[in-house]
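Only heavy atoms go into these numbers, but all of them, side chains included; no hydrogens, no water, no symmetry mates.
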Amino acid sequence: MQIEIQLSEMEEKIRNGYVLIDMRDEVSIQYGMIPGAVPLRMENLLQNAGQFRQHPGVIIYCTRGENSIYAAEELREENIPAYSLAGGYNAWLRERMQQEIDTNSVKKEEIERGIQKRWHKKLFSPFAKAVKTYDMLQDGDKIAVCISGGKDSMLMAKLFQELQKHKQKNFNLVFLVMDPGYSPENRRVIEHNAKLLGIPITIFESDIFDSVLGIEKSPCYICARMRRGHLYSKARELGCNKIALGHHYDDVIETILMGMLYGGQMQSMMPKLHSTNFEGMELIRPMYLIREDDIKAWRDANDLYFLQCACKFTDTCSSCQEDGQSNSKRLETKKLIAELKKTNPFIEGNIFKSVENVMLDTMIAYKQDGIRHHFLDEYDKKEKYTP
């Protein structure tokens, strides 16, 4: 009996009662699933084999249809009819993209109306507030909106388009996509979503993935630093004075907590930064006040599917972040915040505000402009308390 099943066959079997199982990691699943799928990691499949016996069988998928074959074989050894989806999630995504080609203009208009109405309060308003609060835009700016292919940067592009319609500031946009060595499949996903959303992207290529191929220590951090440098360089070449990245509120509070727990330091992800290597260039983060759950809700409501990570080596990389930090550590921190929120609903806001309310007089030591300051440096110079 064949072990791989095609998409057309999968749909028929699901109608006949087969269970669809997504065996990808938790990070990947957050970026989207095939509708109706049940998330279950490979190590838990056999433990839950009993519950599958009440169904005609199961269909399992991973990202590219490779690991799911082994999972299906293990279930068959337990006498459970199991199939692996040929091509995995990527095959389903390609099929979906093909089906959307004829509906591009209609969907684009629906998405834009949604940003103006349904999602105005939760997405556009905090976007505009961050831009104003942190003084991110000036007349005459030319901004490179950096698009990685994920939900955050794609939404950022749409919000910038909406902000430009308001004409409160006179600025220009370049929607910049760097191809550091994507697989053809991943590049097609980015190009398709940009077309679907009406984002006129400018793509340039680099060899970053090849450059970090042999690096064993912190390859994701080095890759992220190299990508940032290439984006600055290309943006300046195109006449831009700023680059915009799609980091959101949850990225900010997770970074604050990660710095304390894993880095032994207090730091924040700043809303904007002057580049230290590219004179006259600035980095801005206009998604700074937008919650990730609202971004996901927008994505799901519009039935959109984006790339998680387009790493050339795995295509399901669970370690890459734009800031080079470990996604596994970020996921641990995200879960910790969720647990703390159960007993204190203000925990997220308090973490965010903590870096706005720093009491230097109570700090043992701190660094400013690379220079370390210690409380003992000025301790004896201060007036002593006399009762």
Which value, rounded to the nearest 0.5 Å, describes the distance between [X] atom [atom1] and [Y] atom [atom2]?
X    : Y    : atom1 : atom2 : answer
F278 : N241 : CZ    : CG    : 14.5 Å
R285 : L283 : CZ    : CG    : 5.0 Å
H230 : K234 : NE2   : NZ    : 11.0 Å
Q2   : S84  : CD    : OG    : 11.0 Å
S268 : I253 : OG    : CD1   : 10.5 Å

Tell me, yes or no, whether the heavy-atom count around [X] atom [atom1], taken from other residues, nucleotides or ligands under 6.0 Å, exceeds 12.
X    : atom1 : value
M260 : CE    : no
F204 : CZ    : yes
K122 : NZ    : no
E12  : CD    : no

Discussion item. Looking only at the side chains, is there a donor atom on one of E332 and Y262 sitting less than 3.5 Å from an acceptor on the other?
Written reply: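 Yes, side-chain donor-acceptor contact under 3.5 Å.
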
Worksheet item: Are side-chain N/O atoms of Q138 and K242 paired as donor and acceptor at under 3.5 Å?
Response: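 Distance-only check passes for Q138 and K242.
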
Report all side-chain donor-acceptor pairs from residues 294-304 shorter than 3.5 Å, counting only partners two or more places apart or in another chain.
residue: R299; atom: NH1; partner: Q30; partner atom: O; Å: 2.8
residue: R299; atom: NH2; partner: Q30; partner atom: O; Å: 3.4
residue: N302; atom: ND2; partner: W298; partner atom: O; Å: 2.9
residue: D303; atom: OD1; partner: R96; partner atom: NH2; Å: 3.4
residue: D303; atom: OD2; partner: R96; partner atom: NH2; Å: 2.6

Worksheet entry | Test side-chain hydrogen bond (donor to acceptor under 3.5 Å, both in side chains) applied to K334 - qualifying residues, sequence neighbours left out |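 K334 satisfies side-chain hydrogen bond (donor to acceptor under 3.5 Å, both in side chains) with E254, E292 once adjacent residues are dropped.
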
Worksheet item: Is H166 reaching over with its side chain to a backbone N or O of Q168, donor-acceptor style, under 3.5 angstrom?
Response: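 Not confirmed, H166 side chain does not pair with Q168 backbone.
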
Worksheet entry | Donor-acceptor pair, side chain of K341 and main chain of E348, under 3.5 angstrom |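 It does not hold such a pair.
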
Discussion item. Test of understanding: clusters of I, L, V, M, F, W, Y form through side-chain heavy atoms closer than 4.5 Å, transitively. Do M270 and V358 belong to the same one?
Written reply: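 No; V358 is not reachable from M270 via cluster members.
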
Practice prompt. Let me know which of N90, D22, N67 forms a side-chain hydrogen bond (donor to acceptor under 3.5 Å, both in side chains) with Y61.
Written response: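 Single pass found, and it is D22.
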
